[in-house]
K.L.:
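Have a look at the structure that comes next, please.
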Number of protein chains: 2
Amino acid sequence: MLSIGELSRQTGVKIPTIRYYEQMGLITAPERTAGNQRRYSRAGLGRLSFIKHARDLGLKIEDIRELLTLSAQPDMPCAEANRIAANHLAAIRARIARLQSLEAELARMSTCSAENIKDCYVIESLSNHALCAKNHT
Amino acid sequence: MLSIGELSRQTGVKIPTIRYYEQMGLITAPERTAGNQRRYSRAGLGRLSFIKHARDLGLKIEDIRELLTLSAQPDMPCAEANRIAANHLAAIRARIARLQSLEAELARMSTCSAENIKDCYVIESLSNHALCAKNHT
DNA sequence: CGCTATATCTATAGAAACTATAGCTATCCC
DNA sequence: GGGATAGCTATAGTTTCTATAGATATAGCG
């Protein structure tokens, strides 16, 4: 049985965020001690880790809720889970592409050695329109 | 002179967002028509594009405010702008790495052809802890 | 010129996903 | 048993927008 603090340490999810998730119905309310403190089981840890992963990977709370609902029904076909994953795949590939062009741009920028702002790559680069259509979503 | 709607179309920033930026002091209040509607100059378009770029690239509003302030002082050294860019570079490289491992994971996931949830990659992958330390920030 | 469809205006509220605060209560450890 | 540390609830604040309502302006057409 884990206290909320331990659960937080083990999952990397902050304490108020755990309580927030409980309030949002993403995790089920855990047992309480006689003194009203939350005590989490191993299953609770697993579920929160699942949520943490999914959040880190950019899934929205509502998507996660769907996945959790799905995963609670082990005999349903997994097409729906696939759909959710595939949706995110497209979005994520777009993000990667954008970030990579940004990376190049920033790398160039941060080597700028101009003496003053008017010749600074950073400013110029952010002002420059030429690459908009290609680089941004 | 551009109306707010045209400015929105040309920059891809939504109208309420433009007004929000004005309220936040990121862009200066533009001229108004006799009937009190905003009319933007070419300079206004440039500035909003700058902001749009920076936001797309993940800079926080406060960072952008700093950059805008800096760029208004063309004789300052650009070390500060460099610092901001370099800061973001590290963060962005980390994000790219994470997203790439996610991409692989999702790509694998979304090819899942299990008949039902209990064998579905998507669910399993999100439940699996083994790769946490490596894949997530 | 007048009319109507479309665009803007302000002010306010709501959304998403947390994060922080205040004031009070449990637990743990020596 | 007494104090440090951790947890409780409820509420408010943060960030970056987005939506709505009700009123006004502007543009295009005949």
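In what follows, every heavy atom counts, from backbone to side chain, and hydrogens, waters and symmetry copies are set aside. All chains are named by letter (A, B, ...) in the order of the sequence lines, taking the proteins before the strands, and each is independently numbered beginning at 1. Predicted model, so just to flag it, every value in this text is computed and none were measured.
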K.L.:
So does S3(B) get a side-chain nitrogen or oxygen closer than 4.0 Å to the phosphate oxygens (OP1/OP2) of dT8(C)?
P.N.:
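Yes, such a contact exists.
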K.L.:
Please determine whether side chain to side chain contact (heavy atoms under 4.5 Å, CB included) holds for the pair Y40(B) and I18(B), giving the CA-CA distance in whole Å, both sets of side-chain angles, and the decisive distance to 0.1 Å.
P.N.:
CA-CA 11 Å; Y40(B) 294 90; I18(B) 295 172; 3.5 Å; yes
K.L.:
Whole Å only: how far is the CD atom of Q23(B) from the P atom of dC17(D)?
P.N.:
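Going from CD in Q23(B) over to P in dC17(D) covers 13 Å.
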K.L.:
Can you tell me which nucleotide in dT16(D), dC9(C), dA17(C) comes closest to the side chain of Y20(B)?
P.N.:
dT16(D)
K.L.:
Can a donor-acceptor pair be found, under 3.5 Å and without considering hydrogens, that links the side chain of S49(B) to the backbone of T11(B)?
P.N.:
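No; zero donor-acceptor contacts below 3.5 Å.
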K.L.:
With the side chain of Q37(B) defined as its heavy atoms from C-beta on, choose the nearest nucleotide among dA6(D), dT10(C), dA25(D).
P.N.:
dA25(D)
K.L.:
dT9(D), OP1 or OP2 - any side-chain N/O from R32(A) closer than 4.0 Å?
P.N.:
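So the side-chain polar atoms of R32(A) do come within 4.0 Å of the phosphate oxygens OP1 or OP2 of dT9(D), strictly under.
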K.L.:
Atom CZ of R38(B) and atom CZ of R32(B): how far apart are they, to the nearest 0.5 Å?
P.N.:
4.0 Å
K.L.:
More 5' along DNA chain D: G35(A) or E62(B), using each one's nearest nucleotide?
P.N.:
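Nearest nucleotide further toward 5': that of G35(A).
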K.L.:
Could you check T33(A) against Y40(B) and say which one's nearest nucleotide on DNA chain C is further toward the 5' end?
P.N.:
Y40(B)
K.L.:
From the options dT16(D), dA17(C), dA26(C), select the nucleotide whose nearest atom is closest to the side chain of R55(A).
P.N.:
dA17(C)
K.L.:
Can you check the N36(B) CG to dT26(D) P distance for me, whole Å?
P.N.:
9 Å
K.L.:
Quick one: which of dT8(C), dT16(D), dT18(D) gets closest to the side chain of K14(B)?
P.N.:
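Output: dT18(D).
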K.L.:
Using a strict cut-off of less than 4.0 Å between a Lys/Arg side-chain nitrogen and an Asp/Glu carboxylate oxygen, indicate whether E6(B) and R9(B) qualify as a salt bridge.
P.N.:
no
K.L.:
Nearest to the side chain of Y21(B), which nucleotide is it out of dC17(D), dC18(C), dT8(C)?
P.N.:
dC17(D)
K.L.:
Give a yes/no answer on whether the side chain of T17(A) brings an N or O atom under 4.0 Å of OP1 or OP2 in dT19(C).
P.N.:
yes
K.L.:
Kindly compute the distance separating CD1 (I27(A)) from CZ (F50(A)), expressed to the nearest 0.5 Å.
P.N.:
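With rounding to 0.5 Å, CD1 (I27(A)) is 13.5 Å from CZ (F50(A)).
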K.L.:
For R38(B), report the nucleic acid contact type (base, sugar-phosphate, nothing); a contact means any heavy atom under 4.0 Å.
P.N.:
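The answer is sugar-phosphate, as R38(B) gets under 4.0 Å only of primed atoms, P, OP1 or OP2.
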K.L.:
Could you please name the option among dT9(D), dT10(C), dT16(D) that lies closest to any side-chain atom of K60(B)?
P.N.:
dT16(D)
K.L.:
Rounded off to whole Å, could you give me the CD-to-P distance for the E22(B) and dC17(D) pair?
P.N.:
15 Å
